[in-house]
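The next block holds one structure in the form of structure tokens; read it before the comments.
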Amino acid sequence: MTRLLALLIVLTASACTPAMQDAWRAMSPAERDAYMHYVNGGSVDCYQALDRHWPASSRQWARSIVARESGGVPTAANPRSTARGCWQLLLGLHSGRFSKLGYSPSQWADPDVNTLVALDLYREAGTSPWSL
């Protein structure tokens with residue numbers, strides 16, 4: 001993520017120079033998507049999304065869950081289940097929750113969307129969905 005943040009600073013500091021164009025071409029598709037999400041006002045990672053949307057009163061607990069579930073990586077995907085994103089939401093179980101909030105389950109890797117859906121679940125069920 002440090003490489004991405006450095007590129008964000010470079011790419012947004014001035015007009016696109018040849019070096020910046022080279023940097024863009026060197027980015028992976030995921031890094032490009034993350035950059036565009038950030039430029040459009042979105043969070044860069046799970047922790048920024050959490051700090052933006054989660055209530056301060058339970059933010060420390062939430063940070064520990066994100067660290068455990070995804071390591072803070074928005075594109076984390078469990079290969080043995082449908083658990084995806086910052087909060088490892090089960091797509092098979094929570095697809096309707098994405099729709100309820102006006103999102104598509106295909107947006108699971110967007111840290112803001114994943115966090116808002118997790119917050120909706122938290123408000124309904126408390127910490128129990130993430131209990132060991």
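Note that the coordinates shown come from a computational prediction; the quantities given were computed from them, not determined experimentally.
- Atoms NE2 and CG, on His94 and Leu101 in that order, are 12.0 Å from each other to the nearest 0.5 Å.
- Looking at Trp87 and Thr115, their side chains do bring a donor and an acceptor atom within 3.5 Å of each other.
- Gly92 and Thr82 make their closest contact through N-OG1, 3.2 Å (heavy atoms, listed as atom of the first residue, atom of the second, distance).
- Residue Leu50 comes nearest to Arg59 through the heavy atom pair CD2-CG, 3.1 Å, listed as atom of the first residue, atom of the second, then distance.
- The distance from the CH2 atom of Trp130 to the CD atom of Gln88 is 11.5 Å, given to the nearest 0.5 Å.
- Heavy atoms only, all atoms of each residue included: Ala49 and Pro111 are closest at CB-O, 3.4 Å.
- Of all heavy-atom pairs between Asp45 and Pro74, the closest is CA-CG, 4.1 Å.
- The backbone N or O of Trp108 lies less than 3.5 Å from a partner atom in the side chain of Asn114, making a donor-acceptor pair.
- Remark: Pro79 engages no residue in a side-chain contact (heavy atoms from CB on, under 4.5 Å) (not counting sequence neighbours).
- A donor-acceptor pair under 3.5 Å links the side-chain atoms of Gln107 to the main chain of Ser104, judged by distance alone.
- In this structure, CD on Glu69 lies 9.5 Å from OG on Ser64, to the nearest 0.5 angstrom.
- Residues Leu119 and Pro55 form a side-chain contact, since some pair of their non-hydrogen atoms from C-beta on lies under 4.5 Å apart.
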Applying salt bridge (Lys or Arg N to Asp or Glu O under 4.0 Å) to Asp120 and Arg123, what does each step give before you reach the verdict? CA-CA 5 Å; Asp120 184 66; Arg123 286 179 173 150; over 6 Å; no
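- Distance check, rounded to the nearest 0.5 Å: CG of Leu116 to CG of Leu121 gives 12.5 Å.
- At a threshold of 4.5 Å between non-hydrogen side-chain atoms, the residues Trp54 and Arg63 do not count as touching.
- Under the 6.0 Å cut-off for aromatic ring centres, Trp61 and Tyr122 qualify, their centroids lying closer than that.
- No donor-acceptor distance shorter than 3.5 angstrom exists from the side chain of Ser70 to the backbone of Ala76, with no hydrogens or angles considered.
- In this structure, the separation between CG on Asp110 and SG on Cys86 is 8.5 Å, given to the nearest 0.5 Å.
- When all heavy atoms are compared, the tightest approach of Val117 to Arg97 is O-CD, 3.6 Å.
- The nearest pair of heavy atoms linking Ala77 to Arg84 is CB-CD, 3.4 Å.
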